[in-house]
**Q** 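Got a structure here, written out as C-alpha cells. Questions coming.
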Amino acid sequence: MRHGQSEWNAKNLFNGWIDTDLSDAGVTQAHQAGSLLAETQIQFDFAATSLLKRAIKTLHIMLEETNQLYVPEQKTWRLNERHYGALQGVNRDDARAKWGEAQVHEWRRAYDVLPPQTQGHPTSITVDGKTYPAFDRRYDDIPETELPHGESLKVALARILPFYESVIVPHLQAGENVLIVAHGSTVRALTKHIEHISDADIMHLEIANGEPIIYDLDDQLVVTDKQVI
Ligand SMILES: O=C(O)[C@H](O)COP(=O)(O)O
C-alpha cells in the first residue's frame with residue numbers, strides 16, 4: 001500500500017525523499033486502511049517499509065488496527081519514494097506553468113525519464129520549514145557517490161529489486177504473508193514488476209494514498225488474484 005496522504009500531498013508539492021509527515025487526513029486514511037485489513041483477518045508474518053516517516057507511521061497505524069504490532073519489520077531506503085531531484089518541494093501547478101503539462105506528466109509517469117537533477121549534494125534544502133540534509137545519518141550506508149540526484153521509475157525499480165528479491169521473495173516463497181507500506185512511485189514500480197506491466201503501459205497506472213492492494217501469488221510468484229480494498 002501507498003502511505004496515507006502526506007502534508008505535501010495535500011499542498012500538491014513533490015515529496016520525493018523529503019521526510020514529510022502524514023496530514024490529519026492521512027492519519028485517518030491509515031486507520032481506515034488498517035481496519036479494512038483487520039476485516040480480512042490476514043495474519044502477517046513480516047512487514048517492510050521505507051525510511052520516511054509518512055510510510056513508517058502508516059505501517060504502524062495499520063499494524064495497530066490489525067493488532068499485529070509484534071510482526072517483524074524491516075525499514076530500508078530501497079523502499080523510499082523515488083527521489084524527485086530538483087522537483088522536490090516544488091508545487092506541481094507551478095512546475096506545469098514553468099515546464100508545461102506534458103513535460104511534468106512525463107517526469108511523473110513515464111518509465112525511463114529522469115526528473116531535473118539536484119546539483120551536487122546541498123548540505124541542506126529547507127523548504128516550507130522541512131530541511132533535507134543530504135548527509136542524513138539514516139543514509140550512511142549509501143556511498144556518497146550513489147546518493148540519488150533524481151530518479152526515473154526505472155532507476156527506482158533497479159534499487160528496489162535487490163531488497164525485493166533478497167528479503168521479500170524468500171518470505172513469499174515460504175508461504176508467508178507480507179505487508180509492504182511504501183510510496184506512490186515505489187508501489188508503481190513494484191506493481192510493474194509483479195504484474196509484468198510494459199514500460200509503455202505503466203504510464204497509465206495511478207496508486208492512491210491509503211488503499212490496500214492485496215495480491216495472491218502462486219508458488220512461482222505469479223499473481224492469481226488481486227484486490228484493492
Ligand atoms: O513524491 C511525491 O510527491 C508523491 O508521493 C508522488 O508524486 P507523484 O504522484 O507526482 O509521482
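Read the numbers this way: they start at 1 and go in the same order the structure lists the ligands and their atoms.
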**Q** Taking non-hydrogen atoms only, is Y84 closer than 4.0 angstrom to ligand 1 via side chain, backbone, both or neither?
**A** side chain
**Q** Under 3.5 Å between some N or O of ligand 1 and some N or O of G16?
**A** yes
**Q** Identify every side-chain donor-acceptor pair in residues 219-229 under 3.5 Å, counting partners at least two apart or on other chains, and give the distances.
**A**
residue: T224; atom: OG1; partner: D216; partner atom: O; Å: 3.0
residue: K226; atom: NZ; partner: E195; partner atom: OE2; Å: 2.6

**Q** Any non-hydrogen atom of H183 lying under 4.0 Å from ligand 1?
**A**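 No, H183 has no heavy atoms under 4.0 Å from ligand 1.
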**Q** Strictly below 4.0 Å, N to O, side chains only: are D93 and R96 in salt-bridge contact?
**A**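 R96 and D93: salt-bridged.
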**Q** Is the contact between R82 and ligand 1 made by the side chain, the backbone, both, or neither, using heavy atoms and a 4.0 Å cut-off?
**A** neither
**Q** Please enumerate all residues that pass side-chain hydrogen bond (donor to acceptor under 3.5 Å, both in side chains) together with T186, with sequence neighbours excluded.
**A**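 Not a single residue meets the side-chain hydrogen bond (donor to acceptor under 3.5 Å, both in side chains) criterion with T186.
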**Q** Counting both backbone and side chain atoms, is some N or O of E81 under 3.5 Å from an N or O of ligand 1?
**A** yes
**Q** Is there a polar contact, in the sense of an N or O pair closer than 3.5 Å, between R92 and ligand 1?
**A**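 Yes; at least one N/O pair falls below 3.5 Å.
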**Q** Between T28 and D24, is there a donor-acceptor pair closer than 3.5 Å when you use the side chain of the first and the backbone of the second?
**A**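 Yes; at least one donor-acceptor contact below 3.5 Å.
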**Q** Step by step, would you call E206 with R109 a salt bridge (charged side-chain N to carboxylate O under 4.0 Å, His left out)?
**A** CA-CA 9 Å; E206 293 291 336; R109 292 295 174 265; 2.8 Å; yes
**Q** Taking it one step at a time, do H83 and H149 satisfy ring-ring contact (aromatic ring centres under 6.0 Å, His included)?
**A** CA-CA 7 Å; H83 192 294; H149 294 263; 7.6 Å; no
**Q** Contact between R109 and ligand 1, counting heavy atoms under 4.0 Å?
**A** yes
